[in-house]
Amino acid sequence: MSSPFSLDKASKVSPIFDSPEVSPTALDQSREIAANDRNSPRSRGSHENIETPVDRNTDQPAPEDPIILRIPDVIELMSRKKRHDVKLDGEGTVLDILRHRRQFFVIDNAESMANYWEDVVETARALSYIVKPITPRRVEIHTTIRPRTQSRWKIKSLFKKADPLDIKRPCEGDGRCLIELALDTIVYPAVKETASAQLRTEMPSLRCAPWKRSKVRGLDVYVLTDGVWDGVWGCDVTPGREKALGVENFIESAVRYLKSRNLSREFLSIHFIRFGEDRDGVRRLNWLDENIQGVVGGWDIVNTTYHKDSVWKMLINPRSANVGQVGV
């Protein structure tokens, strides 16, 4: 009697056969196959590391990117009457970082800024609106051209139709901004004044600036500019060293003064908010952002942003501590 299983079929079934007609060769092959099956990972048990296929075609949605707050979003919010009814994502963290710090705005209103003036005004209004809760009465806004007139305004005056910034609108013939002279004239006195007031908790005079009435931890300077400047010496590139038309000299002087008062680098933060795409302006601002620490002994106190970037990135240095919860 012939076997009901062919040699090929015998290799796929159990190796135990009662039929004496199964050839020894077929039986040996069947036993070898069964042994291999017993030694396979599937048969050895769960203690083996068995790679299971991963189904990559899942229906779970990808994580959403954080919402970035920009100037038009703040302008839209400002149109609502009740400010306290709306809380911005990240606002609490940002205001905690800025609290007890003097907020100081410098606007480049030279002739080259005329094309961006509407954006400049909206940016100044939006940023002032955000810091309003920690700036009780007045916001300090200075301009590089005609800097000594109307340097401080009540915050609410910035939101009226007769915006005081219209008075400082760039005019033909104003020329370029002498940036080093402007910063030395406007900002350097504020650095010294704020440093002197750091440990004061109150002022005897009721006419003192609001920022002096509480403990001052530092100074934040916001410079709204296109980077199209003139230097006192007329050149910002020397052999072997690129510069920024004297801005680095001002920063170096300010850092030297703060070190003489034993103040840390967290005391001063300078934020350049760029308008336009002028090639030299972009180069100067990028150089300040990336290389100024090499000039001032490692103090990384300069941050450069574009006016269409995140609002939070304009207000705080993204390299500072405690900014992980803010979309910068």
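Since we're looking at a predicted model, the values are computed, not measured. Residue indices begin at 1 and follow the sequence shown.
Residues Val221 and Val187 share a closest heavy-atom pair of CG2-CG1, 3.9 Å. Residues Glu111 and Pro170 share a closest heavy-atom pair of CA-CB, 4.3 Å. Closest approach of Leu315 and Tyr222 over heavy atoms only: O-OH, 3.3 Å.
Distance alone, capped at 3.5 Å, is enough to place a donor-acceptor pair between the Arg101 side chain and the Phe267 backbone.
Cluster annotation: Met113 is not connected to Val282 through the hydrophobic network of ILVMFWY side chains, with a link wherever side-chain heavy atoms come within less than 4.5 Å.
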Test salt bridge (Lys or Arg N to Asp or Glu O under 4.0 Å) applied to Arg217 and Glu266, step by step: CA-CA 9 Å; Arg217 298 186 310 192; Glu266 285 79 14; over 6 Å; no

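Atom CG of residue Leu183 and atom CD1 of residue Ile270 lie 7.5 Å apart, to the nearest 0.5 angstrom. In this structure, Arg274 CZ and Asp309 CG are separated by 8.0 Å, a value rounded to the nearest 0.5 Å.
Among Asn303, Ile97, Asp220, the single residue meeting the side chain to side chain contact (heavy atoms under 4.5 Å, CB included) criterion with Ile316 is Ile97.
A ring-centre distance under 6.0 Å is found for His142 and Phe104.
Remark: the Thr305 side chain and the His307 side chain contain no N/O donor-acceptor pair separated by less than 3.5 Å. Side chain to side chain, Arg261 and Tyr257 meet the donor-acceptor criterion of an N or O pair below 3.5 Å.
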